[in-house]
Amino acid sequence: MLSSGNRITFGATVVRFDVQDALDQQYDDALDRLLNIDELSGLYMRRKFDRELKTLIDTSRITNAPVGLLVMDLDGVKKINDMHGHLFGAYVIGESGRVIGEVLRARGFASRFGGDEFVAAIPDADLARSESIAEEIRAAINAHCFERDGVTLHPGISIGAASLPESAADAATLFRVGDEALYRAKQAGKNRVSR
């Protein structure tokens with residue numbers, strides 16, 4: 001019979017058997033959320049996203065499955081900040097993160113990359129599928145009702161799409177290609193998807 005705290009050795013690996021009650025589990029869940037989830041957007045923190053992306057790319061090398069990457073930047077946040085204040089800008093960023101998360105659901109994962117920038121990874125997504133999901137995100141942001149304190153706000157989103165191995169051979173190049181595509185979307189008039 002095992003008791004909580006018992007250790008079992010398998011060669012050089014030591015495993016500890018623990019029994020957790022509901023309070024222990026709630027504590028672990030709260031700690032995990034603090035460490036891995038961005039409070040404003042509800043998306044992964046950057047370090048969690050980077051770890052998950054590395055695992056996804058490592059797996060894709062074994063399975064030969066593509067990995068889509070979307071690099072996103074909200075349009076109009078500076079104007080919102082200037083006209084209504086930074087609380088309104090933060091509201092738009094947080095709501096946009098929730099919209100992105102909802103569109104991705106079980107298809108992928110995302111992170112707030114910077115102030116009003118986001119990045120998403122999509123397993124089994126070639127470039128065409130990545131662009132399609134990017135268009136879904138763009139349409140959802142445009143359709144979402146951003147309203148705070150009786151003020152309706154109208155941000156847009158520019159998205160650069162890339163895919164491994166179609167666009168790049170490694171994570172750093174994949175991000176660079178996605179970022180360059182985002183720049184093209186901004187240069188072409190914003191609130192659009194580019195590859």
Side-chain angles (χ1 to χ4, degrees), residues 32-77 92-144 155-195:
D32 183 63
R33 185 162 181 79
L34 283 171
L35 292 173
N36 294 312
I37 304 298
D38 174 58
E39 188 176 335
L40 182 62
S41 67
L43 301 174
Y44 283 163
M45 299 271 261
R46 175 75 191 278
R47 66 182 167 271
K48 171 75 170 170
F49 178 87
D50 289 346
R51 285 193 310 265
E52 294 295 323
L53 179 61
K54 181 184 182 319
T55 300
L56 182 59
I57 289 174
D58 290 347
T59 302
S60 82
R61 287 197 174 110
I62 295 166
T63 63
N64 292 317
V67 174
L69 189 80
L70 306 178
V71 182
M72 301 169 268
D73 186 33
L74 292 175
D75 301 319
V77 174
V92 165
I93 292 166
E95 279 294 293
S96 296
R98 283 182 268 295
V99 170
I100 290 166
E102 180 62 29
V103 171
L104 287 174
R105 279 184 228 111
R107 296 186 288 180
F109 53 91
S111 171
R112 185 162 68 101
F113 188 74
D116 61 354
E117 299 166 336
F118 300 89
V119 64
I122 308 161
D124 300 318
D126 61 10
L127 189 54
R129 183 159 184 257
S130 299
E131 280 183 296
S132 175
I133 292 171
E135 279 294 347
E136 285 182 51
I137 291 170
R138 191 189 66 73
I141 293 290
N142 284 293
H144 186 75
I157 191 166
S158 297
I159 305 174
S163 180
L164 185 89
E166 209 170 335
S167 307
D170 59 71
T173 307
L174 183 65
F175 181 80
R176 182 180 51 75
V177 170
D179 199 41
E180 289 168 356
L182 169 63
Y183 179 76
R184 285 190 293 279
K186 291 282 195 184
Q187 290 300 107
K190 299 182 180 177
N191 198 29
R192 63 192 65 224
V193 174
S194 182
R195 61 162 66 187

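Side chains are part of it too, since the values below use all heavy atoms of this structure and drop only hydrogens, waters and symmetry mates.
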Determine yes or no for a side-chain-to-main-chain donor-acceptor pair under 3.5 angstrom, with [X] supplying the side chain and [Y] the backbone.
X: Ser132; Y: Ala128; result: no
X: Ser163; Y: Ala125; result: yes
X: Ser194; Y: Leu182; result: no

Heavy-atom closest pair, residues [X] and [Y]:
X: Ser111; Y: Phe49; answer: CB-CB, 3.5 Å
X: Leu70; Y: Ala134; answer: CD2-CB, 3.8 Å
X: Pro123; Y: Ala121; answer: CD-O, 3.9 Å
X: Leu127; Y: Ala162; answer: CD1-CA, 3.7 Å
X: Ser60; Y: Ala65; answer: CB-O, 3.0 Å
X: Leu164; Y: Leu174; answer: N-CD1, 3.6 Å

Who are the side-chain hydrogen bond (donor to acceptor under 3.5 Å, both in side chains) partners of Arg47, not counting sequence neighbours?
none
Taking only residues two or more places apart in sequence, or in another chain, which ones meet Thr59 in a side-chain hydrogen bond (donor to acceptor under 3.5 Å, both in side chains)?
none
Do the side chains of Lys54 and Asp50 get close enough for a salt bridge, i.e. N-O under 4.0 angstrom?
no
Between Arg107 and Glu136, is there a side-chain N and carboxylate O pair less than 4.0 Å apart?
yes
Exceeds 12 heavy-atom contacts within 6.0 angstrom, atom CZ of Phe175:
yes
Walk me through it: do Arg61 and Asp170 pass the test side chain to side chain contact (heavy atoms under 4.5 Å, CB included)?
CA-CA 10 Å; Arg61 287 197 174 110; Asp170 59 71; 3.9 Å; yes
Would you say [X] and [Y] make side-chain contact, with heavy atoms under 4.5 Å?
X: Ile157; Y: Ser96; answer: no
X: Glu180; Y: Arg176; answer: yes
X: Arg138; Y: Asn191; answer: yes
X: Met72; Y: Ile141; answer: no
X: Leu53; Y: Val119; answer: no
X: Ser130; Y: Leu69; answer: no
X: Ile159; Y: Phe118; answer: no

Could you pull out all residues at least two apart from Arg192 that satisfy salt bridge (charged side-chain N to carboxylate O under 4.0 Å, His left out)?
none
Any residue meeting salt bridge (charged side-chain N to carboxylate O under 4.0 Å, His left out) with Glu95, in chain and number order, not counting sequence neighbours
Arg98
Salt bridge (Lys or Arg N to Asp or Glu O under 4.0 Å) contacts in which one or both residues fall within residues 111-130, not counting sequence neighbours
Asp38-Arg112
Please collect all salt bridge (Lys or Arg N to Asp or Glu O under 4.0 Å) contacts where either partner lies in residues 181-190, sequence neighbours excluded, each pair once.
Asp73-Lys186, Asp75-Lys186
Going through the checks in order, is the side chain to side chain contact (heavy atoms under 4.5 Å, CB included) test met by Arg51 and Asn36?
CA-CA 11 Å; Arg51 285 193 310 265; Asn36 294 312; 3.0 Å; yes
